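Structure first, then comments.
All values reported here derive from a predicted model rather than from experimental measurement.
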Amino acid sequence: MDPVSMVFYAVVCGGLAATAPSFQSRPARLVVGTITGIVAAALLPLLRRTFGI
């Protein structure tokens, strides 16, 4: 994995970890994690093109 991907997903996972404990139920955390992963995977190629990385 290249450094840009590692940093991007570290930021996304860090943000998820900061918000996920506020959800009490496991299904809610699963939904938040799934949505976050989908959004992150969709945004990374767009961000890389935008910034020319």
Side-chain angles (χ1 to χ4, degrees):
M1 184 179 280
D2 66 294
V4 172
S5 297
M6 286 193 314
V7 169
F8 179 74
Y9 286 112
V11 169
V12 170
C13 290
L16 178 60
T19 59
S22 64
F23 294 106
Q24 298 300 318
S25 69
R26 180 171 287 162
R29 288 191 308 263
L30 180 63
V31 168
V32 169
T34 301
I35 291 170
T36 303
I38 291 169
V39 170
L43 284 180
L44 183 58
L46 175 66
L47 291 173
R48 289 185 92 157
R49 274 188 301 232
T50 300
F51 294 112
I53 300 173

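Put simply, Val4 and Phe51 are part of the same group of oily side chains (I, L, V, M, F, W, Y) that touch within less than 4.5 Å, one to the next. When the side chains of ILVMFWY residues are joined at heavy-atom separations under 4.5 Å, either directly or via intervening members, Val11 and Leu43 end up in two distinct hydrophobic clusters. In the hydrophobic clustering of this structure, Ile35 groups with Leu46; members are Ile, Leu, Val, Met, Phe, Trp, Tyr whose side-chain heavy atoms approach within less than 4.5 Å, directly or through other members. In the hydrophobic clustering of ILVMFWY residues, with side-chain heavy atoms under 4.5 Å counting as a link, Ile38 and Phe8 come out apart.
The two residues Ala41 and Tyr9 have their closest heavy-atom pair at CA-OH, 3.5 Å.
Scanning for side chain to side chain donor-acceptor pair (under 3.5 Å) contacts around Arg48 gives Asp2, with sequence neighbours left out.
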